[in-house]
Amino acid sequence: MAFNITVNGMVHTVDVDGDTPLLWVLRDTLGLTGTKYGCGIAECGACTVHVDGVAQRSCTLAIEDLDGSEITTIEGLSSGGAPHPVQEAWITEQVPQCGFCQSGMIMTAAALLSETPNPSDGEIAEAMTNICRCGTYDRVRAAIRRAAKA
Amino acid sequence: MNHMAVSRRTFLKGSGAVVVSGLIIGFVTGPAAARTGAGKLNTWVVIAPDDEVRILIGYSEMGQGITTSLPQVIADELDADWSTIRMEFAPADAAFANPVFGIQGTGGSTTTYGSWETMRAAGATARAMLEQAAAKRWNVNASAVRSENGAVVNASTGESLRFGALALAAAEETPPKVPPLKDPSAWRFIGKPVDRLDIPAKVDGTAGFGIDVQIPGMLVATISQCPVFGGSLKSVDDAPAMAVRGVKAVVPLKNAVAVAADGYWPAKKGLDALMPVWDEGTFAGGGSDTTLKEFHATLDDAGAVADAHGDLAAGFAATTKTIEADYTAPYLAHATMEPMNATAHVTEDGVTFWAPTQWPGLLTIIGAKVLGVDASKITVHSTYLGGGYGRRFEPDFCLQAALISKAVGAPVKLMWSREEDMRHDFYRPGSVCRMRVGLGEDGLPSAWETRIACSSIFSRTVPQRVKDGLDHTSVEGAVHLPYALPNRRIDYRLMPSPIPVGFWRSVGNSQNGWFTESMIDEAAHAAGDDPLAYRLKLLADSPEHAAVLKAAADAAGWGKAPAGRFQGIALVESFKTIAAEVVELSVSADKEITLHRLTVAADPGSVVNPRNFEGQLQGALVYGLTAALYGRIDVVNGRVEQGNFDTYAMVRLSQLPPITVTLVPSGRPMGGAGEPGTPPIAPALCNALFAATGERIRSLPLMDHGYTLEPVWG
Ligand code: FES
Ligand code: FES
């Protein structure tokens, strides 16, 4: 089956089984490996992307339900060469350790800030349910606060 | 110094595609040097004519920051301009053994210098050679020139030459016999919170992890191993998988079946369609509960003595009060964020791996055996590791990738599902412990007895390190404690079991630190003393430990918790770093815990990058906290029950208060960064819980006792 999706502003027609999760279309079909696999059951958030502007866990989104959607991945988060304010804050606060969860963290944070430009600690905690096995949560919170002020 | 070499000419990079000229210094860092005392050079400093200082690192970056701290040390002794420093992963072994180098190994004692001294020496050697070359160019004495931020300056004329302009000439110089190390007061990078070099690539998705490897013609495979430990594959009908679109091959292995396809999803669908027939072997009825009960039943038997001092019997005879308690620590999975994976290409010419591995050298050695090829024909390219915590010391998943590649005749990226990762780990050993403590007139321990039973990690991984039934990793954290325990005995029963065990962040310290620091707390309460004051009395002869404990207590405001909040403290030295932690919490009548403050203090001797060190301590604390609350791997009918984060739960941001870190480096020998933050948290948490509720937790995790962890941010 062929499906049309727009990823980071480019239209793609992908010919895969309809039950293929968006995650694997991005990674294996389109070669966009910045989006990670951590659990496959929408628990960890490593696979978070924006679907029509909303943060979603791409490991459980079947491609057949996304025909025509606009997807943004970590590769497309920044525009015009300058890092996204969330990415900048992530560097300033030196958030990543192993880094594997961080694409998902950043995509979740970017969606939070576009909806709630100045989130409270409670709102940050509610939105940031991603798992980080390296335990970078303290700095994730600090970086979101910083990006909110930027 | 250990294993340093200087190359005068060229450096053949990777498969030979890029040739770099310049001054090249190669050396061994890290565990390979310490463990084997030999081995190939694995780290290189290349000073190129274009002024770039490239540091090729043969060690794994799994989040601990080695790819920044190592360059910091080298750059300082080199007196480099930080903006010219580039970090790359060194292609391992085969490429480095390339004879193009004309290596002159200077060999020597590996025990007098750790890798830190080697890195300093490498930087200092390069700087001396650059200075010599400059002196020659200006026709002056070597003493008339000095380095300055990536250049050499002529003291009398003020002229200066960039390192890049001197690199080729410097390569012709003779390395100094004694590298001219800087005085620490002149360091510009060591001890400073330098930004990590790997972070930019980790915020824009470009950092290449194992699962991101793409090789032309590559297939993606996924695997199902016999669910029962020790079992094997009897047969499998490959037809259902072959019917799935995109599936290219079904590969039976000794104890597993793999499906290779043109992507992960078809491979997974193919695998799910298979009905492999397993020979479940002898452990099909086995379980972790029974196993731990068997361990427990041996606690009265004699054990191998790990630490003994004084006269235990006399110590007990002199007691006014004896306390005794049995503790049980569960099996734990690593659950690295990136599930196990590796890419391999087996051809007639040899084997190439692209793998997130903690131990490329071991992969070469074991790979040669398992694959029947000469070690010189194995090349390992390290990728970033999506977490290691000890799991990625094991080469199992890499070898599988090679076997599958061999079977299908193409490069193969093998990716385990999360479930496979959790069910085929090498677990933190489940361990049982009986402690008896006799308190003297003064309330302090006049007798201290610890009996431990668990499986041994070294008997599988490094059998020669098990001596007289003693595996140090099974007792570390319970032996040679900093406390004054004049009459003591700590002994160990080595319990074989089919449940595979391995190195889990902080290894034995994780459970033994909990046993010991819980028991010290029990003793303090039995003596009617404050847990901090009691420990300090026992640390009279361990001032460094006392200092760390006090630093943690001060930072946490020990004894000053607001009404309704309770504190617990614990102190564990591991990997030469002393760490103390304080937990401040409250507990509702329904056993809902809220964490209000978490405090860490640590003395790692000296610190290369304090900001990174702080992050490591925080992360290690969270890792241990998660385990203390939720971590438990159950084996039932020979197979692991938990499979994913829905059943092996994780602490999330909402539940964590700020983690305050205080570093008190005392200048003692340098200790580790990544692990020492883990051991103290479980006892600090349980001790705080005791303070709050009077309930002494003697088996983990806390959720088994009905506790939950509530969000702290509202
Ligand atoms: S991989 Fe999608 S949430 Fe974990
Ligand atoms: S940085 Fe390693 S899992 Fe988050």
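Chain A is the first sequence line, chain B the second, and so forth, proteins listed ahead of strands; every chain is numbered from 1.
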Interface moiety of B/Asp198 toward chain A, non-hydrogen atoms closer than 4.5 Å: side chain

Test item: A/Ser120 and B/Trp713 side chains (from C-beta on) under 4.5 Å apart, heavy atoms: no

Region of B/Lys268 in contact with chain A, defined by heavy-atom distances below 4.5 Å: neither

Contact summary for B/Met337 and A/Arg133, nearest pair of heavy atoms: SD-N, 3.9 Å

Nearest heavy atoms of A/Ile74 and B/Val203, plus distance in Å: CD1-O, 3.4 Å

Per-residue contact mode, B/Thr206 against chain A (heavy atom under 4.5 angstrom): neither

Heavy-atom side-chain contact between B/Asp195 and A/Gln94 under 4.5 Å: yes

Minimal non-hydrogen separation, A/Asp138 against B/Ile659, with atom names: OD2-N, 3.2 Å

Enclosure of A/Glu126 CD (heavy-atom neighbours >12, cutoff 6.0 Å): no

Pair B/Arg418-A/Glu43, side chain to side chain contact (heavy atoms under 4.5 Å, CB included): steps then yes or no: CA-CA 11 Å; B/Arg418 169 60 62 196; A/Glu43 274 283 332; over 6 Å; no

Heavy-atom pair with the smallest gap, counting every atom of A/Ser103 and B/Gly205: OG-CA, 4.1 Å

From A/His84 atom NE2 to B/Asp204 atom CG, the distance as rounded to the nearest 0.5 Å: 13.5 Å

The single option from A/Leu23, A/Asp28, A/Thr20 passing side chain to side chain contact (heavy atoms under 4.5 Å, CB included) against B/Trp265: A/Thr20

Flag side-chain contact, heavy atom, 4.5 Å: A/Tyr137 against B/Val622: yes

Inter-residue atom distance B/Tyr389.OH - A/Cys98.SG, 0.5 Å rounding: 5.0 Å

Heavy-atom closest contact (B/Ile211 atom, A/Tyr37 atom, distance): CD1-N, 4.0 Å

Among A/Thr33, A/Thr35, A/Ile106, residue most engaged with chain B (heavy-atom pairs, under 4.5 Å): A/Thr33

Heavy-atom side-chain proximity of A/Arg27 to B/Tyr264 below 4.5 angstrom: no

Segment of B/Pro266 engaging chain A (4.5 angstrom heavy-atom cut-off): neither

B/Tyr384 portion near chain A, given a 4.5 angstrom heavy-atom threshold: neither

A/Phe100 backbone acceptor or donor facing B/Lys202 side chain under 3.5 Å: no

Beyond-backbone contact of B/Arg652 with A/Ile131, side-chain heavy atoms, under 4.5 angstrom: yes

Distance-minimising heavy-atom pair for B/Arg245 and A/Val16: NH1-C, 3.6 Å

